Visitor: 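Have a look at this one.
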Amino acid sequence: MEPRSCGYSSSSPGGGLQPFDVFPGHHKRNERRVFDYWEVGALLDGLARCPVPAVSGLEEGPFTLDMHNDAVRHARYKQSRLSLTDLGNAVLAGEADFLQHNPIHRWWGGTELTNEKLWRWDPETRSLIARR
């Protein structure tokens, strides 16, 4: 998930954004159409609820149907004030790798991703490359 594409910038460390400010397509046009509502919620959870978070201030979760069905929890989630952590700012600046600090284990598009088996997109060669 590219933080810059979802509304984050290095100038937002003061906690000025709320969770739905970073959801593409939520009260604004979704131009990239890469992630849907539930995927963005899960990704935001992953950035905030990990050993070394990139995002702080997410007050409720996990981002599930149960949370949405509980009016108090959902309201608390929506009122969260998000900001980038030091790691989040370093990742955004290209100076750190989120996955050097946090484990990954998920299935994405039929492919199991782990820290040991992880590919990255290289925009210069426009191809997948092995993690460095």
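None of the values given here were measured: they were computed from a predicted structure.
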Visitor: Quick check for you: to the nearest 0.5 Å, what is the distance between His105 atom NE2 and Thr114 atom OG1?
Guide: 6.5 Å
Visitor: So do the side chains of Arg120 and Asp97 get within less than 4.5 Å of each other, counting heavy atoms only?
Guide: yes
Visitor: Tell me, please, which residues at least two apart from Ala48 pass side-chain contact (heavy atoms from CB on, under 4.5 Å).
Guide: Val55, Leu58
Visitor: Looking only at heavy atoms, which two atoms of Leu82 and Gly57 are closest? And how far apart?
Guide: CD2-C, 4.0 Å
Visitor: Could I get the full list of salt bridge (charged side-chain N to carboxylate O under 4.0 Å, His left out) partners for Glu112, not counting sequence neighbours?
Guide: Lys117
Visitor: Treat each ILVMFWY residue as a node, draw an edge where side-chain heavy atoms are under 4.5 Å apart, and state whether Met67 and Leu65 are in one component.
Guide: yes
Visitor: Is there a donor-acceptor pair closer than 3.5 Å between any side-chain N or O of Asn102 and the backbone N or O of Val52?
Guide: yes
Visitor: Who pairs with Glu59 by side-chain contact (heavy atoms from CB on, under 4.5 Å), at least two apart in sequence or on another chain?
Guide: Arg76, Ser80
Visitor: With sequence neighbours left out, what residues match Asn115 under side-chain contact (heavy atoms from CB on, under 4.5 Å)?
Guide: Leu99, Pro103, Ile104, Arg131
Visitor: Looking at every heavy atom in both Cys50 and Leu47, which two are closest together, and how far apart are they?
Guide: SG-O, 3.8 Å
Visitor: Walk me through it: do Arg49 and Leu44 pass the test side chain to side chain contact (heavy atoms under 4.5 Å, CB included)?
Guide: CA-CA 8 Å; Arg49 301 180 200 294; Leu44 185 56; over 6 Å; no
Visitor: Start with the C-alpha gap between Ser83 and Ser56, add the side-chain angles, then the distance that decides, and say whether side-chain hydrogen bond (donor to acceptor under 3.5 Å, both in side chains) holds.
Guide: CA-CA 5 Å; Ser83 61; Ser56 65; 2.9 Å; yes
Visitor: Please, which pairs that meet ring pair (Phe, Tyr, Trp, His ring centres under 6.0 Å) have at least one residue in residues 110-131, sequence neighbours excluded?
Guide: none
Visitor: Taking only residues at least two apart or on different chains, which pairs with a member in residues 40-64 satisfy ring pair (Phe, Tyr, Trp, His ring centres under 6.0 Å)?
Guide: Phe23-Phe63, Tyr37-Phe63, Trp38-Phe63, Phe63-His68, Phe63-Tyr77
Visitor: If you count heavy atoms of other groups shown closer than 6.0 angstrom to CG of Asp70, is the number above 12?
Guide: yes
Visitor: Applying side-chain hydrogen bond (donor to acceptor under 3.5 Å, both in side chains), name anything that partners Thr125, two or more places apart in sequence or on another chain.
Guide: Asp122, Ser127
Visitor: Which atom names give the shortest non-hydrogen contact between Leu87 and His101, and what distance separates them?
Guide: CD1-CD2, 3.6 Å
Visitor: Can you list everything that forms a side-chain contact (heavy atoms from CB on, under 4.5 Å) with Asp66? Sequence neighbours excluded, please.
Guide: Thr64, Arg73
Visitor: State, to 0.1 Å, how close Lys78 and Pro19 come at their nearest heavy-atom pair, and which atoms those are.
Guide: O-CD, 3.8 Å
